[in-house]
Amino acid sequence: MTNASTIARGGGTPSAPERRRRSAQRPTKASGLPTKAIPYVLLIPGILVIAGLLLYPMIQVVVMSFQKVGLPQISGKRPAEWLGWENYTKIFENDIFWSSLRNTIAFAVITVSLTLILGTAVGVLLNRLSKRMSTFVIVGIMSAWAVPPVAQGVIWRWLFDAEAGIINWALNLLPDWLSTLLFGRADWTGEPWLNDSITVYLVLILTVLWASFPFIAVSVLAGLKGIPHELYEAARVDGSGAWRTFWKITFPLLKPVFAVLTILSIIWDFKVFSQLYVLIGGPTNREAFNLSMYSFAEAFRSPPKMGSGAAIAVVLTVILLIVTAFYIRQMVKSEEVL
Amino acid sequence: MNPLRRKRLGRIALNATATLVFLFAVFPVYWMIATSFKENDQIFTTEFIPFPTHFTFDHLERVLSEGVAGNSIWLYLRNSAIVALGTVLIGSVFALLAATAVARFRFRGRTSFLIALLLAQMIPAEALLIPLFLSVKRLGLYDQLLGLIVVNVGLTLPFGIWMLRTFVAAVPKSLEEAAWIDGASRMTTFWKVLFPLVAPGLVATSIFSFITAWNELIFALILMSDSSGYTMPVALQYFFGQRGTDWGAIMASSTLMTIPVVIFFLLVQRRMVSGLVAGAVKG
């Protein structure tokens with residue numbers, strides 16, 4: 001890991017003046033292109049893809065969010081009709097929009113916090129294990145991270161199955177008094193977890209937490225490996241406990257790592273789609289929608305309302321961009337290569 | 001309690017917690033695999049049967065012969081593989097060219113390109129669904145695997161360039177300069193010096209793109225209407241609902257879908273983690 005993080009830091013990049021001096025020695029005869037043109041030629045395919053498949057469509061979404069795009073417009077029979085803010089005012093009046101927004105934000109906040117807490121705890125734990133034990137646990141948790149999102153949904157839908165699911169079996173194992181004390185009920189046979197939007201999100205949180213804490217744990221572990229041992233020695237000599245050491249040494253030193261992990265988790269959890277799609281079996285239970293699912297359902301379920309789907313997509317993107325503007329600032333600040 | 005004993009107890013507690021974490025992570029995966037080898041009466045039961053006592057390949061055989069939505073699971077696995085490999089082939093060439101440009105050259109617009117790259121990664125793919133759907137339709141790529149490949153190249157390229165550029169930057173420039181002094185052309189230098197050294201990074205980036213394309217659901221849902229063009233993530237949805245859920249079949253299929261990804265993942269996880277956190281982790 002130390003090796004890889006040196007690479008990640010872009011180690012060994014020469015300073016600017018040195019670079020200029022060196023490029024003067026570069027042979028120009030070898031290729032037919034002048035040196036100045038080469039980077040631009042190399043970038044052509046990349047720029048075409050990014051502009052054509054990401055940036056231009058993003059502009060189109062914004063334009064379409066002000067238009068009426070239904071079946072006649074999709075089939076090209078009629079040109080798109082300009083509506084102004086109508087798509088937006090309509091979705092803001094819709095209860096489903098507000099419940100989707102609430103689901104999106106509540107899910108992201110809860111899942112991001114739980115993932116970070118569990119991931120960090122496991123990272124710290126891994127750092128204290130013997131080499132063999134930590135390799136063993138890493139292979140185990142990485143196999144959870146590797147499971148495709150659709151398969152994640154399938155697996156957890158099966159675990160929480162009402163009739164034959166193992167969760168209901170395990171809850172029935174609890175002594176009746178304890179189960180009653182904790183949940184107000186003793187019998188869990190046939191409990192349909194995936195019918196109600198609240199319990200759907202409970203299962204979704206668990207699914208995403210299970211699949212994403214390993215990444216946090218391994219990243220935190222990589223960061224911990226980079227902290228010099230002497231700091232911890234000194235803290236121990238000074239009589240600092242584990243909790244205090246974490247907040248006074250580990251956390252401040254790993255702050256940049258935590259910043260990126262937080263933002264990446266927010267980006268991933270904000271637009272969770274595949275797992276939710278599997279758990280609720282497609283866009284049927286409208287109360288369990290999040291913004292991605294709502295936009296998808298508006299645009300692709302008949303009758304298609306692509307303009308209003310686009311408006312929801314724009315709202316989702318704006319929220320994400322505000323959050324991630326912070327991320328970009330972090331990257332720009334800490335990466336002198338930029 | 002004497003300190004030695006306390007230390008030993010601490011070690012035991014630590015290892016016990018680690019084992020619990022391991023079980024929490026691995027059990028659901030194990031349960032998927034175990035279910036796919038159980039007979040139906042051991043699947044549909046309210047009892048807990050930790051492993052299949054009557055081991056059966058029925059579910060695997062059934063999904064490979066009968067399949068779902070009118071086709072064998074083979075076809076969907078093949079479609080997924082075509083889309084993922086196509087994405088990797090096109091994407092890795094594009095990524096290598098662009099990564100070389102930004103890591104090896106200083107030029108006007110370099111910073112703007114890097115910022116565009118970051119911005120592109122921030123855009124949620126879900127937001128591009130509608131315009132890309134319309135464009136793919138207009139280009140006549142609807143219901144064709146090529147359309148899905150093109151979209152996946154777009155989704156994976158920004159991160160691919162971002163990740164690969166750190167690998168290119170890590171190759172010491174002096175190696176290339178030595179080759180130039182020996183009279184090698186720019187092309188020769190690239191193929192004989194830079195490429196072999198960047199190859200491990202290229203493999204890591206390719207596997208990342210492969211996994212992303214292999215797992216992709218939402219575009220595959222809207223760009224493929226004919227069931228013969230479904231990819232695995234789409235095909236899996238069709239196991240639900242029709243006369244109750246056939247859990248043995250769906251677990252067998254998700255096992256088939258998961259295994260190649262897990263193997264790839266374990267191969268490159270270290271590089272991928274450092275690639276994702278790159279930029280923030282500064283000494």
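Throughout, protein chains are lettered first and strands after them, A, B, ... in sequence-line order, and every chain is numbered starting at 1.
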Which atoms of [X] come close to chain B, meaning under 4.5 Å heavy atom to heavy atom: side chain ones, backbone ones, both, or neither?
X      : value
A/I141 : both
A/M306 : both
A/D161 : side chain

Heavy-atom donor-acceptor pair, A/Y40 side chain to B/A101 backbone, under 3.5 Å: no

A/W210 side chain vs B/A25 backbone, donor-acceptor pair below 3.5 Å: yes

Aromatic B/F240 / basic A/R157 pairing, under 6.0 angstrom, 45° off normal: yes

Heavy-atom pair count under 4.5 Å with chain B, highest-scoring of A/L173, A/I166, A/L159: A/I166

Chain B interface, residue from A/F296, A/Y56, A/Y277 that has the most non-hydrogen pairs under 4.5 Å: A/Y277

Of A/L321, A/T317, A/I319, A/I267, the residue whose pairing with B/P124 passes side chain to side chain contact (heavy atoms under 4.5 Å, CB included): A/T317

Taking every non-hydrogen atom, the tightest pair across B/L97 and A/P45: CD1-CG, 3.9 Å

For B/M32 against A/I155, the heavy-atom pair lying closest together: SD-CD1, 3.7 Å

side-chain contact (heavy atoms from CB on, under 4.5 Å) assessment of A/Q60 paired with B/S135: CA-CA 10 Å; A/Q60 277 182 302; B/S135 302; 4.2 Å; yes

